[in-house]
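Note: hydrogens, waters and symmetry copies are ignored here, and every other heavy atom, side chains too, is used.
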Amino acid sequence: THALHSPLMAVTNAISGTTALGGMHLLAHSNSAGVTTLAALATTLSTVNIVGGFIVTKKMLDMFKRPDDPPEYYHLYGIPAAGSLAFYGAGSMSG
C-alpha cells in the first residue's frame with residue numbers, strides 16, 4: 001500500500017543521503033587514488049538511488065490522484081534554491 005511505501009522510501013533515501021555525504025567527505029579529504037575512486041563511486045551510486053527513490057515515490061503517489069485534484073506547482077520550489085545559489089555565487093566572487 002502507499003501508506004507503507006513512503007516511510008520505507010524515506011528511510012532508504014536517508015541511508016543513501018548519509019552514504020553520499022560520506023563519499024563527498026572522502027572526496028574532499030582523500031590522499032590516495034583508490035579512496036578517491038571508491039568515494040566517487042559511492043557518491044554517484046547514492047545520488048542515483050536518491051533520485052530514483054523520488055521518481056518512484058512520485059509515480060506511486062500519482063496513482064492515487066483523482067482527476068479533479070488541483071494542479072501542483074513543484075517546479076516553483078526551484079526559484080528560491082536558484083536565488084540562494086545566485087546570491088552565494090555572487091558573494092563568493094566578490095570576496
Side-chain angles (χ1 to χ4, degrees):
T1 67
H2 67 284
L4 181 61
H5 179 266
S6 294
L8 289 176
M9 286 308 299
V11 170
T12 302
N13 279 343
I15 293 169
S16 292
T18 304
T19 308
L21 285 175
M24 286 188 275
H25 179 75
L26 283 174
L27 279 171
H29 301 290
S30 68
N31 293 328
S32 74
V35 173
T36 303
T37 303
L38 287 175
L41 182 66
T43 304
T44 303
L45 291 177
S46 296
T47 304
V48 168
N49 192 25
I50 292 168
V51 171
F54 281 119
I55 291 171
V56 169
T57 300
K58 177 157 178 25
K59 287 184 179 189
M60 179 89 176
L61 294 176
D62 283 345
M63 292 183 349
F64 298 98
K65 287 180 97 173
R66 296 177 299 246
D68 58 344
D69 283 345
E72 297 172 347
Y73 300 101
Y74 292 127
H75 60 280
L76 296 178
Y77 287 125
I79 295 172
S84 297
L85 287 174
F87 281 121
Y88 176 77
S92 295
M93 290 180 158
S94 67

Distance in Å, Arg66 CZ paired with Asp69 CG, rounded so as to fall on 0.5 Å steps: 4.5 Å
Separation between CG of Leu41 and CG of Leu27, rounded to the nearest 0.5 Å: 10.5 Å
Same apolar cluster: Tyr73 and Ile79, side chain cutoff 4.5 Å: yes
Min side-chain heavy-atom separation Leu21-Met24 under 4.5 Å: yes
Residue Asn31 excluded, over 12 heavy atoms near CG under 6.0 Å: no
With His29 via ring-ring contact (aromatic ring centres under 6.0 Å, His included) - residues at least two apart: His25
Heavy-atom closest contact (Gly23 atom, Ala39 atom, distance): O-CB, 3.4 Å
Cluster companions of Leu26 among Ile, Leu, Val, Met, Phe, Trp, Tyr (side-chain spacing under 4.5 Å): Val35
Donor-acceptor contact below 3.5 Å, side chain Thr43 vs main chain Ala40: no
Closest approach of Ser16 to Ser46 (non-hydrogen atoms, all atoms of both residues): O-CB, 3.4 Å
Smallest separation among heavy atoms of Ser30 and Thr36, with atom names: OG-OG1, 2.6 Å
Non-hydrogen atoms of Leu76 and Pro80 that approach each other most closely: O-CD, 3.4 Å
Residue from Val51, Val56, Ile50 passing side-chain contact (heavy atoms from CB on, under 4.5 Å) with Phe54: Ile50
Met93 atom CE: more than 12 heavy-atom contacts under 6.0 Å: no
Between CD on residue Glu72 and NZ on residue Lys65, distance to nearest 0.5 Å: 3.5 Å
Qualifying residues under salt bridge (charged side-chain N to carboxylate O under 4.0 Å, His left out), relative to Lys59, sequence neighbours excluded: none
